[in-house]
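Inspection log for the structure reproduced underneath, given as structure tokens.
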Protein chains: 2
Amino acid sequence: MEINDLPKLHSDFSVDCVVFGFDKGELRILLIERAEEPFKDYLALPGNLVYDNENIDQAANRVLTELTSLNDVYMEQLYTFGDVNRHPQGRVITVAYFSLIKVKKHTLNPLSTYAKKAQWCAVADLPPLAFDHQLILEKAYKRLQNKIRYQPIGFELLPEKFTLSQLQQLYEVILEKPIDKRNFRKKILSFGLLIELDEKQKNVSHRAAKLYKFNKTRYNNLKKMGFSFEL
Amino acid sequence: MEINDLPKLHSDFSVDCVVFGFDKGELRILLIERAEEPFKDYLALPGNLVYDNENIDQAANRVLTELTSLNDVYMEQLYTFGDVNRHPQGRVITVAYFSLIKVKKHTLNPLSTYAKKAQWCAVADLPPLAFDHQLILEKAYKRLQNKIRYQPIGFELLPEKFTLSQLQQLYEVILEKPIDKRNFRKKILSFGLLIELDEKQKNVSHRAAKLYKFNKTRYNNLKKMGFSFEL
DNA sequence: GCAAAAGTGTTAAAATTACACCCATGA
DNA sequence: TCATGGGTGTAATTTTAACACTTTTGC
């Protein structure tokens, strides 16, 4: 069942997912192109109704899995949007989720009837979105900007193996400000949360950078002991 | 209409409010005592269904106003709880709100049928709560502990005029750790957000402390210019 | 005069900032 | 050999942390 098939609703719950990715030096989100009214042909956040027999978190995971075939991604509840008039066809309260995924790791699935296709769009340069999805995105982006400074979630957006410059660029793009290279490296390495690999970049026309992995196990242990990551 | 009057529900929205206050050196929350099943005689967070024609924020404000006759208090959305089985009589998705109020400023209103009375309870020493309200409270308490360090919301819990020791005690209670008096004063005064009044404590059997007011106007201006409060 | 909380500065240690050059690689 | 990004250290400044005694007031 799809929201648009319904006549005037009493009230319904949906979930909408703000799925961030990082690719070609830009922060992107996953949007679908709507095939039906209202907001036909607009871009929108992927979302769906919450089934009677599933928890809200499950519904959000389901939406994401249908799109990407990925489980096991970083996901958290963002905020609930429920203004009386946010949906033109009746009251739909939507719980927005916030997700970070590794773009390269998967391809996008073909979609059901209500959406033509899913695509990665640069956050910096978006057309108007359907419903109040612009508002939801803004809230999500602020959350990302805040959270990345005091939780090591940036790694969720990078490949398993990454260079320090990639990591720095990610922070610069998200925080929208330049960062000093030497100070950044000193700080990020001082946490002892990066594993230096015996491997380097390949096929780059300059000195190849070392690759690193994030040590999640160690982070979880340190966190239990009161350690706090803070950039 | 009240949740408990309903037969098996399809799905409904409610709001629940975690209302913090600070009194007699303790952090407290406002709880009601339930007069009806389920969870008869348990303490619970004040809450109610969201009407079809009101926004969620409005519903939360309504619940709080019915209890305290106070508008114009600090309130923000906390988190949405919607597990299938969180309510024994059917699916109720609840949007939890988080509120800070000045305890002394008002008295509690008499309540409608479903609750016997409202009371302030010390957070440190609570009996089991109805539904999943324990979980909601824990989330709210963590939010308060985090937020108080980087936003000047502590003042919402104190009287208009307060002493630096009261402010320090508030931080100590919420953060659950002792703070050095001299360092605390230096830091908090360095923001230039406190107005020193020409007034002192009365009727204390020790040296009377100066009273201060929080300069909200100045904070709002500074915030616009990128200033960030951080304890 | 005594109990109880108010008020007040300094010093050492740690964290942050600013800043510039040589290195390795592929084209 | 040149263009491109990789990689590295130090010094000045700012921030934080630790710490103890005198003052005022009511009883």
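Residue numbers begin at 1 in each chain, while the letters A, B, ... track the order of the sequences. The analysis underlying the following values was restricted to heavy atoms, covering all of them including side chains, and did not include hydrogens, waters or symmetry mates.
Within the 4.0 angstrom heavy-atom criterion, only backbone atoms of the sugar-phosphate kind lie near A/Ser165; the bases stay farther away. Within 4.0 Å of B/Lys210, counting heavy atoms only, lie sugar-phosphate atoms of the nucleic acid but no base atom. Among the protein residues, B/Asn203 comes within range of no part of the nucleic acid, since none of its heavy atoms lies under 4.0 Å from any strand.
Remark: B/Ser205 is not in phosphate contact with C/dA4, judged by side-chain N or O atoms under 4.0 Å from OP1 or OP2.
Atom CD1 of B/Ile179 and atom P of D/dT16 are 13 Å apart (whole Å). Remark: C1' of C/dA6 and CD of B/Gln169 are 14 Å apart, rounded to the nearest angstrom. Whole-Å rounding puts the A/Phe184 CZ to C/dT17 P distance at 14 Å. To the nearest angstrom, P of D/dC19 lies 13 Å from NZ of B/Lys186. Following rounding to the nearest Å, A/Gln166 (CD) and D/dG6 (C1') show an atom-to-atom distance of 13 Å. The separation between A/Phe191 atom CZ and C/dA15 atom C1' is 12 Å, rounded to whole Å. When rounded to the nearest whole Å, the span between CZ of A/Arg207 and P of C/dC21 equals 17 Å. Note: CG (A/Leu211) to C1' (D/dG7) measures 14 Å, nearest angstrom.
No hydrogens or angles were tested; on distance alone, a donor-acceptor pair under 3.5 Å links the side chain of A/Lys181 to the base of D/dG7. Not a single donor-acceptor contact under 3.5 angstrom links the side-chain atoms of A/Lys202 to the base of C/dT25. Side-chain atoms of B/Arg182 and base atoms of D/dA20 include a donor and an acceptor less than 3.5 Å apart. Residue side chain A/Lys187 does not reach the base of C/dT17 through any donor-acceptor N/O pair under 3.5 Å, judged by distance alone.
With ring centers used as reference points, A/Phe81 lies under 6.0 Å from A/Tyr79.
The aromatic rings of B/His133 and B/Phe131 sit tilted relative to each other, their planes meeting at an angle between 30° and 60°.
Residues B/Asp180 and B/Thr163 both approach DNA chain C. Their nearest nucleotides, taken by heavy-atom distance, put B/Thr163 toward the 5′ side. Taking for each of A/Lys200 and A/Leu231 the nucleotide of DNA chain C with the nearest heavy atom, the 5'-most of the two is the partner of A/Leu231.
Remark: of the listed residues B/Tyr219, B/Phe214, B/Phe229, B/Phe229 is the sole one forming a ring-ring contact (aromatic ring centres under 6.0 Å, His included) with B/Phe191.
Ion pair B/Lys213/B/Glu160 not flagged as a salt bridge, since none of the NZ, NE, NH1 or NH2 atoms sits closer than 4.0 Å to an Asp/Glu carboxylate oxygen.
For A/Arg185, whose side chain is taken as the heavy atoms from C-beta onward, the closest listed nucleotide among C/dC23, D/dT24, D/dT8 is D/dT8. Of the listed nucleotides (C/dA5, D/dT4, D/dG7), D/dT4 has the atom at the smallest distance from the side chain of A/His206. Residue A/Asn183 has its side chain nearest to C/dC19 when only D/dG7, C/dC19, C/dT10 are considered.
Side-chain N/O atoms of A/Arg185 and A/Ser190 include no donor and acceptor closer than 3.5 Å.
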